[in-house]
Amino acid sequence: MLRGMRKASSNWVGKTIMAIVMGVLIISFGIWGIADIFRGFGQSTVAKVGHTEISLNEFRQIYTDRLQQIGRQFGRPLTPDQARAFGLDRQVLQQTIAEAALDEEARRLGLGQSDEQIRQVIMNEPNFKGVDGKFDANRFQAVIRNFGYTEQRYVSEQRKVSLRRQITGTIGAGLEPPKAMIDVLTRFQNEQRAIEFVRLDAAQAGQIDAPSPEALAAYFEDHKVQFRAPEYRKIAFVMVSPEEIGKWTEVSDEDARKVFDQRKDRFGTPEKRQIQQLVFPNAAEAQAARERLVGGASFEDLGKERGLSASDVDLGLVTKSSLDSAVGNAAFALPAGEISQPIQGALGVSLVRVDKIEPGVEPDFAKVAADIKREIATERARVKVADLRDKMEDERGGGSSVIEAAQKLGLTAVTIDAVDRSGRAPNGQPVANIPQGLDVVSQAFNTDVGVDNDSISFKGGYVWYDVLAITPSRDRNLDEVRDQVEARWHQDQIAAKLKAKATEMVQKLEAGGKLADEAAAIGVKVETASGFKRDDSPAGVPAAVVAAAFRTAKDGVGQTPVSGGSEVIVFRVTDVIDPAVDAASDAVKKLKDSLDRALTEEQVAAYVNKLETDIGTTINQAAFAQVTGANQ
């Protein structure tokens with residue numbers, strides 16, 4: 001439909017008609033109040049908290065930013081349906097409302113944050129520091145840009161965050177978990193168990209004869225839904241990325257050599273030296289100290305006199321680039337064991353001594369040339385990607401399909417004749433020609449034939465796709481899946497027999513029998529596992545057995561199916577170890593910290609909930625659904 005409208009409006013007649021149609025629609029909206037575009041509060045606001053309105057556009061940006069951040073973590077974009085399935089839409093709304101409530105409270109309390117305080121907060125943020133440990137303006141810009149922020153917006157957000165922390169920090173101050181809670185949780189986490197167990201598998205199920213045609217047909221009828229053919233879609237897509245485009249670019253040895261010479265330190269291993277350093281306020285004190293060092297005093301001795309520890313004096317193995325420029329030049333010109341003359345650096349006058357020299361490794365151009373050429377080609381391709389993106393969008397806007405647009409631009413379109421929701425072909429195998437991490441299949445199942453779909457961001461480039469045909473899900477007949485049905489029937493027979501055998505064994509053990517005797521009677525060996533906790537994964541013991549063991553008392557017995565029922569494990573709990581609680585241990589300290597955070601979060605959540613109630617909170621469900629795609 002959209003493509004048809006584009007075609008219709010491609011000439012002046014079509015444009016005139018479309019303008020009239022859209023004009024009539026806009027007038028009707030104004031008359032009847034549809035979308036409330038001319039008057040009233042509501043449609044342009046997602047929520048109102050006190051006097052603060054969260055606009056539709058503001059929430060859309062917050063929600064989009066959050067989905068993109070999560071998509072980068074997963075390595076693939078998140079669809080609106082997936083986001084709603086995970087509950088992310090509600091989480092983001094609740095968080096946005098909570099932040100607005102705290103902002104309202106900060107204004108009521110008259111809290112403030114100076115520009116200098118915000119500046120210090122940003123400059124002290126570890127993520128914005130360079131290799132020298134200092135604030136790096138370029139890194140700051142790159143990081144916030146990567147998360148979709150401008151500098152102005154980021155500073156504004158940080159100001160709000162600082163004020164919110166003033167409030168929440170006060171609310172959560174002084175909270176401590178009760179000692180009884182720590183003791184109970186510590187014992188729960190550190191309790192250990194030991195078991196003896198046997199495995200029953202197909203060998204213990206005995207002979208299973210092939211099913212009669214009547215039995216197989218009846219089984220198929222009862223389980224027909226399990227053998228139903230899934231919906232398949234025929235899709236076509238074309239990918240434009242720096243990596244793909246870079247393959248077209250020829251990079252000369254001369255160009256690669258230039259980059260190699262510029263980035264030698266990156267390709268090789270720089271020389272490192274173990275250095276001792278003392279810094280003095282002036283050259284006179286440094287010279288006096290040097291004379292004492294030459295006379296037999298050590299750097300450690302002089303450091304102690306000045307209240308410095310051995311680690312303060314010994315810099316360890318460092319590269320030249322990690323030091324102050326003047327200090328680095330002098331230190332890397334010294335022979336091992338020699339004391340430098342006083343060096344005027346940025347922080348004062350230094351004396352250094354080199355204790356050990358670890359030579360660097362010169363990079364070999366021949367070994368890294370291919371990687372350098374690939375990197376250069378990818379960088380050059382970024383410009384071409386942007387150009388091809390614009391051309392592709394123009395072609396799509398003009399009504400061309402993905403395949404037609406690809407042919408016009410000299411790109412290669414990939415056509416997949418049939419794929420199900422899980423990315424598998426009708427033969428049950430994964431479709432091979434979909435790049436790893438490209439979520440084109442789930443996107444294709446969220447659209448329809450003839451729909452003009454938005455492109456997918458992928459590996460720094462873009463992917464365009466069309467759904468060409470849909471083959472609906474259907475019931476298969478028995479002849480199509482006879483082998484699968486018979487195999488499933490056979491598995492179910494094994495599972496049923498093993499369950500009966502395990503139940504009989506458990507009854508004998510509960511009556512006083514020994515696991516060793518029962519194991520010998522059926523020709524299996526007794527295995528053991530000991531000293532494992534609830535969250536452990538002891539070798540050879542499935543997680544289901546570990547969980548079952550912690551539900552069973554000492555000397556109790558049980559059975560647990562594993563591997564889909566094709567194996568059953570019968571076990572006895574032989575020991576339960578209740579650990580002593582050591583309040584000074586690292587584990588207990590970590591648990592206490594975790595509980596502190598949980599109690600603080602619970603207290604803050606209750607406070608924010610009370611704030612939202614007191615100042616009044618309303619949510620426009622229609623606008624919320626519009627942003628999150630729930631109304632589509």
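This is a predicted model, so every value here is computed, not measured.
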Contact check, side chains of R421 and S442, non-hydrogen atoms, under 4.5 Å: no
Would you say the side chains of Q429 and R424 form a donor-acceptor pair under 3.5 Å? no
Using a strict threshold of under 4.0 Å (side-chain N to carboxylate O), is an ion pair present between D103 and R164? yes
Donor-acceptor check, side chain of E404 to backbone of S401, threshold 3.5 angstrom: yes or no? yes
With a 6.0 Å cut-off on ring centres, are F128 and Y154 close enough? yes
Under 3.5 Å, side chain of T560 to main-chain N/O of V545, donor-acceptor pair present? no
So, does D536 use its side chain to make a donor-acceptor pair with the main chain of K533 at under 3.5 Å? yes
Closest non-hydrogen contact found for D475 with R228 is OD1-NH1, 2.7 Å
Do E104 and H51 touch side chain to side chain, with heavy atoms closer than 4.5 Å? yes
Using 4.0 Å as the upper bound for N to carboxylate O, is an ion pair formed by E191 and R534? yes
Measuring from atom CD1 of I54 to atom OG1 of T617, what distance do you get when rounded to the nearest 0.5 angstrom? 8.5 Å
Nearest atoms (heavy-atom pairs only) where I122 meets F140: CG2-CE1, 3.7 Å
Would you say N609's side chain and A605's backbone share a donor-acceptor pair under 3.5 angstrom? no
Should R84 and T628 be marked as a side chain to side chain donor-acceptor pair (under 3.5 Å) after you check the CA-CA gap, both sets of side-chain angles, and the distance that decides it? CA-CA 8 Å; R84 290 195 301 277; T628 59; 5.2 Å; no
Do side-chain atoms of E480 reach the backbone of N477 as a donor and acceptor pair under 3.5 angstrom? yes
Side-chain donor-acceptor pair under 3.5 Å between T447 and N453, yes or no? yes
Can you check whether Y607 reaches I167 side chain to side chain, under 4.5 Å on heavy atoms? yes
Taking the side chain as C-beta and beyond, is there a heavy-atom pair between F458 and V440 under 4.5 Å? no
Sorted by chain and number, sequence neighbours left out, side chain to side chain donor-acceptor pair (under 3.5 Å) with R551 holds for none
Could you walk me through whether Y63 and L67 pass side chain to side chain contact (heavy atoms under 4.5 Å, CB included), step by step? CA-CA 6 Å; Y63 187 62; L67 294 194; 3.7 Å; yes
Is there a side chain to side chain donor-acceptor pair (under 3.5 Å) between R66 and Q95? Walk through the geometry before answering. CA-CA 11 Å; R66 188 62 51 83; Q95 181 178 343; 3.1 Å; yes
Verify side chain to side chain contact (heavy atoms under 4.5 Å, CB included) between E58 and Q61, making sure each step is shown before the conclusion. CA-CA 5 Å; E58 179 186 0; Q61 183 171 19; over 6 Å; no
Start with the C-alpha gap between D596 and K592, add the side-chain angles, then the distance that decides, and say whether salt bridge (charged side-chain N to carboxylate O under 4.0 Å, His left out) holds. CA-CA 6 Å; D596 283 342; K592 183 178 180 301; 3.3 Å; yes
Supply the atom-to-atom distance L599 CG to S594 OG, rounded to the nearest 0.5 angstrom. 9.5 Å
Do P542 and V562 have side chains that approach each other closer than 4.5 Å (heavy atoms only, starting at C-beta)? yes
Looking at E231 and R233, is any side-chain nitrogen of the basic one under 4.0 Å from a carboxylate oxygen of the acidic one? yes
Hey, can you tell me if W464 and Y462 have their rings parallel, tilted or perpendicular (30° and 60° cut-offs)? tilted
Can you confirm whether R119 is buried at CZ, in the sense that more than 12 heavy atoms of other residues, nucleotides or ligands lie under 6.0 Å from that atom? no
Salt bridge flag under 4.0 Å for residues K610 and E105: no
More than 12 non-hydrogen atoms from neighbouring residues, nucleotides or ligands closer than 6.0 Å to CD on Q117, yes or no? yes
Pairing of D466 and R396 as salt bridge, 4.0 angstrom limit: yes
Using side-chain heavy atoms (C-beta onward) and a distance below 4.5 Å, is S156 in contact with R153? no
Note: D593-K589 ion pair, threshold 4.0 Å (strictly below): no
One pair to check against salt bridge (charged side-chain N to carboxylate O under 4.0 Å, His left out): D586 and K590. What are the steps and the verdict? CA-CA 6 Å; D586 289 340; K590 288 180 180 178; over 6 Å; no
Considering only residues two or more places apart or on different chains, which pairs with a residue in residues 405-420 satisfy side-chain hydrogen bond (donor to acceptor under 3.5 Å, both in side chains)? E395-K408, S400-K408, D420-S422
Under a 3.5 Å distance rule, please check whether T52 uses its side chain to pair with a backbone N or O of K48 as donor and acceptor. no
Can L438 and F237 be said to form a side chain to side chain contact (heavy atoms under 4.5 Å, CB included), step by step? CA-CA 11 Å; L438 176 58; F237 69 88; 4.1 Å; yes
If only atom types and distance count, is the side chain of E125 paired as donor or acceptor with the main-chain N or O of N127 below 3.5 Å? yes
What do the steps show when you test D439 against Q82 for side chain to side chain contact (heavy atoms under 4.5 Å, CB included), and what is the final call? CA-CA 12 Å; D439 190 27; Q82 290 171 328; 4.1 Å; yes
What's the separation between atom CG in D89 and atom CZ in F59, rounded to the nearest 0.5 Å? 7.5 Å
Can you confirm whether the side chains of E99 and T96 place a donor and an acceptor under 3.5 Å from each other? no
Can you find a pair of side-chain heavy atoms, one from R159 and one from D115, that are under 4.5 Å apart? yes
Evaluate the side-chain proximity of T186 to D183: yes if any heavy-atom separation is below 4.5 Å, no if none is. no
Using a cut-off of 6.0 Å, state whether more than 12 heavy atoms not belonging to Q152 lie near its atom CD. no
